[in-house]
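Working notes for the structure below.
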Amino acid sequence: MLNKYPALRPDMSATMPRIDPFFVARPGFGAHEVVIPCKLHETNPANLTPVQYANLLVAYRERIRAFSQNDLWQYVQLFQNVGAEAGASLAHLHAQIIALPMVPDAIVAELSFAAKHHAEHGRCVYCELVEKEGQSRTRIICETEHFVALCPFAPRFAYEFWVMPKYHASHYEQTGDVLLHELAELMLNLLAALDVVLAEPAFNSFLHTSPLRTNASSQYHWHWEFIPRTARAAGFEWGSGCFLNTVPPEQAAEEMRAALTNRRS
Ligand SMILES: [Zn+2]
Ligand SMILES: [Zn+2]
């Protein structure tokens with residue numbers, strides 16, 4: 001459904017006259033939707049059933065596919081804010097979808113880094129990451145047959161983790177139902193472990209995937225990033241773009257693994 005308080009609106013003109021050559025502006029043109037994954041009141045996504053979580057992952061995929069039918073849209077940003085400190089204005093669990101008429105800077109930067117790595121090494125940087133992390137295993141939290149969750153080598157935030165396919169895939173919207181069910185189970189386990197380790201923290205999660213209507217790429221690899229809100233970006237972070245993090249990713253991964261083991265036993 002459409003967001004009641006949309007950040008961007010599809011009923012605006014996609015362009016605006018350039019009044020000043022110095023001050024460049026864009027209209028608030030876009031589409032902002034909300035997905036509500038459960039009918040009954042629930043505030044913690046870890047409490048969704050595997051079917052509800054899989055349905056959310058499938059809904060995301062279907063909305064990307066639908067937006068890709070319209071040339072106006074270049075990118076679809078999927079994200080979830082859980083908890084007031086993570087920016088959630090409604091307690092009832094919800095996820096958000098924003099379709100954009102441009103590719104956002106974060107994706108441009110990742111695409112360009114991935115292209116550079118591919119040019120220099122002949123490989124997808126994310127596939128290489130999965131392979132190398134699989135050898136040392138110190139930052140791997142858990143995995144299934146097709147997906148892996150890991151704490152990145154240089155996390156910006158304590159307990160930040162990423163989830164990605166172990167096989168190469170550049171476009172999330174091409175993932176089949178069976179795989180999304182497998183991914184849902186993995187994510188629910190991760191969220192339950194996070195709740196144990198950080199006592200139900202507020203967090204943000206978002207998908208990074210290829211821009212709409214682009215060809216399959218051997219360079220880029222879709223992934224979800226999860227950012228628990230354990231600390232606030234402060235003056236140093238805003239000023240320098242560098243992030244201070246006091247929890248090494250190896251320790252974060254170990255604590256998450258222990259929480260998963262305790263759940264199973
Ligand atoms: Zn890859
Ligand atoms: Zn990313």
Side-chain angles (χ1 to χ4, degrees), residues 44-46 53 79-83 85-86 106 109-110 113-114 116-118 120-121 123-169 182-209 220-234 236-238 240-265:
N44 186 343
Y53 206 99
F79 61 102
Q80 191 164 28
N81 303 330
V82 176
E85 299 107 279
E110 282 195 355
F113 177 78
K116 183 167 172 282
H117 184 91
H118 196 273
E120 287 170 4
H121 303 274
R123 293 195 65 190
C124 160
V125 63
Y126 297 92
C127 283
E128 206 168 336
L129 175 75
V130 169
E131 186 183 301
K132 289 208 186 300
E133 294 293 3
Q135 287 162 0
S136 77
R137 305 206 68 80
T138 54
R139 289 178 290 270
I140 300 262
I141 302 171
C142 59
E143 59 188 314
T144 60
E145 185 183 354
H146 298 98
F147 299 97
V148 63
L150 54 88
C151 294
F153 173 68
R156 295 155 291 181
F157 304 97
Y159 302 93
E160 171 179 351
F161 64 87
W162 299 353
V163 181
M164 63 184 81
K166 293 199 267 188
Y167 60 94
H168 181 74
E182 182 182 321
L183 180 60
E185 299 250 9
L186 177 75
M187 287 194 174
L188 282 173
N189 284 333
L190 285 162
L191 294 177
L194 191 67
D195 280 351
V196 170
V197 172
L198 293 178
E200 300 196 16
F203 71 89
N204 302 105
S205 62
F206 45 85
L207 176 71
H208 281 160
T209 185
Y220 195 59
H221 193 125
W222 64 259
H223 54 277
W224 286 89
E225 299 189 22
F226 287 77
I227 311 283
R229 302 297 285 251
T230 53
R232 287 218 170 95
F236 178 69
E237 285 83 358
W238 288 119
S240 66
C242 301
F243 288 83
L244 300 176
N245 166 21
T246 55
V247 183
E250 296 78 14
Q251 181 190 326
E254 192 179 339
E255 289 180 39
M256 291 283 282
R257 282 195 301 269
L260 283 169
T261 310
N262 289 340
R263 267 187 97 225
R264 290 193 193 105
S265 56

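Computed from a predicted model, the values in this text were never measured in an experiment.
Not one N or O on the side chain of E160 forms a donor-acceptor pair closer than 3.5 Å with the backbone of E225. Without hydrogens or angle criteria, E255 side chain to A252 main chain gives no donor-acceptor distance under 3.5 Å. Distance alone, capped at 3.5 Å, places no donor-acceptor pair between the H168 side chain and the Y126 backbone. With hydrogens and angles ignored, the 3.5 Å screen pairs no side-chain donor or acceptor of R229 with any backbone N or O of V82.
Within the model, atoms CH2 of W224 and CZ of F79 stand 10.5 Å from one another, a figure rounded to the nearest 0.5 Å. Here K132 contributes atom NZ and R139 contributes atom CZ; the two are 11.5 Å apart, rounded to the nearest 0.5 Å. Atom CG in N189 sits 11.5 Å away from atom CD1 in I141 (nearest 0.5 Å).
Q80 pairs by the side chain to side chain donor-acceptor pair (under 3.5 Å) definition with nothing, not counting sequence neighbours. A search for ring-ring contact (aromatic ring centres under 6.0 Å, His included) contacts involving H146 returns nothing, not counting sequence neighbours. Under the ring-ring contact (aromatic ring centres under 6.0 Å, His included) criterion, Y53 pairs with no residue, sequence neighbours left out. E185 meets the side chain to side chain donor-acceptor pair (under 3.5 Å) test with no other residue; sequence neighbours excluded. The side chain to side chain donor-acceptor pair (under 3.5 Å) check on W222 picks up nothing, with sequence neighbours excluded.
L129 has its side chain out of reach of F153: every pair of non-hydrogen atoms, C-beta onward, lies at least 4.5 Å apart. Under the 4.5 Å side-chain criterion, counting only non-hydrogen atoms from C-beta, V148 is not in contact with E133. Side-chain contact check for N262 versus V196: every heavy-atom pair is 4.5 Å or farther apart. The side-chain heavy atoms of R156 and N245, taken from C-beta on, include no pair separated by under 4.5 Å.
Listed by first then second residue, pairs satisfying salt bridge (charged side-chain N to carboxylate O under 4.0 Å, His left out) with a partner in residues 192-208 number zero, not counting sequence neighbours.
Between C142 and the options L186, L150, T261, a side chain to side chain contact (heavy atoms under 4.5 Å, CB included) holds for only L186.
Ring geometry, F113 versus H117: the interplanar angle falls from 30° to 60°, so the pair is classed tilted.
Inspection of the H208 and E110 side chains reveals an N or O donor paired with an N or O acceptor under 3.5 Å.
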